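Shown next, in structure tokens, is the structure this report addresses.
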Amino acid sequence: MKRMPGLRGFRPGKQDYKTSLLSGIVPNFDASPWADDLHRIDRDSPKPRIRTRDGGWIELDPKARTVKTWGNSGRATALAAAIADSQGWDAELLRPAGGMMAAPERPALRRSAEELESWWRARGYDAVCAEDGVWVDVGSGARLQDIGDQVCLHGALTPEAARALILKASEAWGGVAELSGHWTQADKDTLWLEAQRSGVRLGACEPSAKAKAAWEAESAEAAQRADTLGMVKSATGPARLLLDAAAGDVSALSKLDPDLRAFVASYLDDDQRAELAKADIADVISELHRFRELGCEERAKTERERDVRPANVRDPLDVAPPPVPAPGL
């Protein structure tokens, strides 16, 4: 067979595309011994990912100088160690931790891997399909393996990972789920608290006394914030009406309660009303109680003045003259 022009010295099969990609990502690394282990390489991200043929994952973070692995820890772990050794980086294995499953009374809808991937991506997560489910990036140090009716955590239970697990239970499983596998009590407490915040019923997750006390304190604080917000909202309406009335809005003036109406219409003079109309609503809210007191005093003053004012008594000398007799009478 004749050689093709320009291909002098080329031997088919000598170069491997994936090893070339890996060598391009990791400087001065000989990837050729790993050619049979590389399944896919995603280099178009700040943290390139490598998928090995035996189901392992590797993520390279040049800025942090780390190599993370998860999934099947066979060849991926060995390749990650070789890369870390060649670059002087740290290698980290995200080990399988506990899991969570849909409750038997509310089975999860059957979804394809592509649908699961889209479900997570629609909620802002980086997710990728694989033969063993969908792998979801839930922040540094953790990945979720979602197979539809079960989710397994790989790595540490970070706050981000806990929120992602409870989100799955809330929106995909009808708000009911059960823990499976081994979880530490600290992890159970973290998940239980997150479930309480989201209204999720989480089985096989008995909280500690410390977690229950934390939830009681958090609930009390939330109730206080709600009361404060309600007070602010209830004060915002009158404050806005008061500002509009001070600016000359007759309709707003008529909607004010009697004390505030007296304050803006009688107690203040024109210059003070003009100044009030320019005030910030937050400042007005903080002064509403005082304004009402001043308005109440103004109303009382008006009533007193009305009581001491002489009644309109007819002067007895002020009588109409007698009628003039008609002619001839």
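Note that the structure is a prediction, hence the values are computed from the model and not measured.
Remark: the backbone N or O of Ile147 is not paired with any side-chain donor or acceptor of Gln150 at under 3.5 angstrom. Counting only distance, with no hydrogens or angles, the side chain of Lys18 and the backbone of His39 share a donor-acceptor pair below 3.5 Å. Of the possible polar contacts, none joining the Glu221 side chain to the Glu218 backbone as a donor-acceptor pair under 3.5 Å is found. Put simply, the side chain of Ser254 gets close to the backbone of Ser251: a donor and an acceptor are under 3.5 Å apart. Between the side chain of Arg53 and the backbone N or O of Asp36, at least one donor-acceptor pair lies under 3.5 Å. Looking only at distances, no side-chain donor or acceptor of Arg43 sits under 3.5 Å from a matching main-chain atom of Pro48. Trp183 contributes a side-chain N or O that, together with a main-chain N or O of Ser180, makes up a donor-acceptor pair within less than 3.5 Å. Glu178 places no side-chain N or O within 3.5 Å of a backbone atom of Cys205 that could act as its donor or acceptor partner.
The pair Asp189-Lys210 does not count as a salt bridge, with every side-chain nitrogen at least 4.0 angstrom from each carboxylate oxygen. A salt bridge between Arg299 and Asp259 is present, with a side-chain N of the basic residue lying under 4.0 Å from a carboxylate O of the acidic one. Looking at Glu293 and Arg290, no side-chain N of the basic residue comes within less than 4.0 Å of a carboxylate O on the acidic one, giving no salt bridge. Arg49 and Asp126 are joined by a salt bridge, as a carboxylate oxygen and a charged side-chain nitrogen come within less than 4.0 angstrom of each other. A salt bridge links Arg292 with Asp257: at least one charged nitrogen is closer than 4.0 Å to a carboxylate oxygen. Between Arg75 and Asp37, at least one side-chain nitrogen of the basic residue sits less than 4.0 Å from a carboxylate oxygen of the acidic one, meeting the salt-bridge criterion.
Between Phe291 and Phe263, the ring planes lie parallel to each other; the angle is under 30°, not in the 30° to 60° tilted range. Note: Trp120 and Tyr125 have perpendicular aromatic rings, judged against thresholds of 30 and 60 degrees for the angle between ring planes.
Between Leu276 and Val284 the shortest side-chain heavy-atom distance falls below 4.5 Å. Put simply, the side chain of Thr69 does not reach to within 4.5 Å of the side chain of Leu79, judged on heavy atoms. Using a 4.5 Å heavy-atom threshold, the side chains of Val67 and Asp90 count as separate. Using a 4.5 Å heavy-atom cutoff, the side chains of Met101 and Asp149 are not in contact. In this structure, the side chains of Glu92 and Thr66 stay at 4.5 Å or more apart for every pair of heavy atoms. Between Val151 and Trp173, some side-chain heavy-atom pair lies under the 4.5 Å cut-off. Between Arg65 and Gln87 there is no side-chain heavy-atom pair separated by less than 4.5 Å. The shortest side-chain heavy-atom distance between Leu179 and Met100 falls under the 4.5 Å cut-off.
A single hydrophobic cluster is seen to contain both Leu268 and Ile285, as judged by linkage of ILVMFWY side chains at heavy-atom distances under 4.5 Å, directly or through other members. By the criterion of side-chain heavy atoms lying less than 4.5 angstrom apart, applied directly or through intervening Ile, Leu, Val, Met, Phe, Trp or Tyr residues, Leu38 is not grouped with Trp135; the two fall into different hydrophobic clusters. Under the 4.5 Å side-chain heavy-atom criterion for Ile, Leu, Val, Met, Phe, Trp and Tyr, Trp192 and Leu165 are members of distinct hydrophobic clusters. Residue Leu260 is grouped with residue Leu253 when hydrophobic side chains (ILVMFWY) are merged at heavy-atom distances under 4.5 angstrom, including chains of intermediate members. No path of Ile, Leu, Val, Met, Phe, Trp and Tyr side chains, each step under 4.5 Å between heavy atoms, connects Trp70 with Leu93, placing them in separate hydrophobic clusters.
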Exercise. Does the side chain to side chain contact (heavy atoms under 4.5 Å, CB included) test come out yes or no for Val134 and Trp119, once each step is laid out?
Worked result: CA-CA 10 Å; Val134 174; Trp119 188 92; over 6 Å; no
For this session: Begin from the C-alpha positions of Glu59 and Arg143 and carry the test side chain to side chain contact (heavy atoms under 4.5 Å, CB included) through to its verdict.
Result: CA-CA 11 Å; Glu59 182 182 80; Arg143 298 294 184 277; 2.9 Å; yes
Exercise. Could you walk me through whether Ile50 and Leu60 pass the side chain to side chain contact (heavy atoms under 4.5 Å, CB included) check?
Worked result: CA-CA 8 Å; Ile50 304 165; Leu60 310 177; 4.2 Å; yes
For this session: Please report the C-alpha distance between Thr19 and Trp34 in whole Å, then the side-chain angles of each, then the deciding distance to 0.1 Å, and finally whether the side chain to side chain contact (heavy atoms under 4.5 Å, CB included) criterion is met.
Result: CA-CA 7 Å; Thr19 57; Trp34 307 93; 5.8 Å; no
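With rounding to the nearest 0.5 angstrom, the NZ atom of Lys188 is 12.5 Å from the CG atom of Leu157. Here Leu94 contributes atom CG and His154 contributes atom NE2; the two are 9.0 Å apart, rounded to the nearest 0.5 Å. Atom-to-atom distance recorded for Arg123:CZ and Lys168:NZ is 8.5 Å, nearest 0.5 angstrom. Within the model, atoms CG of Asn72 and OG1 of Thr52 stand 6.5 Å from one another, a figure rounded to the nearest 0.5 Å. Atom OG of Ser266 is separated from atom CG of Leu294 by 12.5 Å, given to the nearest 0.5 angstrom. Taken to the nearest 0.5 Å, the CZ atom of Arg201 stands 13.0 Å off from the OG atom of Ser170.
What you find for Ile281 and Ala239 is that their closest heavy atoms are CG1-CB, 3.9 Å. Annotation for Leu243 and Ala279: closest pair CD2-O, 3.8 Å, computed over non-hydrogen atoms. In this structure, Trp57 and Ala130 approach most closely via the heavy-atom pair CZ2-CB, 3.9 Å. The minimum heavy-atom distance linking Ala161 with Ala156 is given by the pair CB-O, 4.3 Å. Scanning both residues, Leu193 and Ala211, for their nearest heavy atoms gives CD2-O, 3.6 Å. Of all heavy-atom pairs between Ile83 and Ser86, the closest is O-OG, 2.8 Å.
Other residues, nucleotides and ligands contribute more than 12 heavy atoms inside 6.0 Å of the CZ atom of Arg121. Within a 6.0 Å sphere centred on CG of Asn28, other residues, nucleotides and ligands contribute 12 heavy atoms or fewer. Counting non-hydrogen atoms of neighbouring residues, nucleotides and ligands closer than 6.0 angstrom, the CD atom of Gln185 exceeds 12 such neighbours. Around the CZ atom of Arg197, the shell of radius 6.0 Å holds more than 12 heavy atoms that belong to other residues, nucleotides or ligands.
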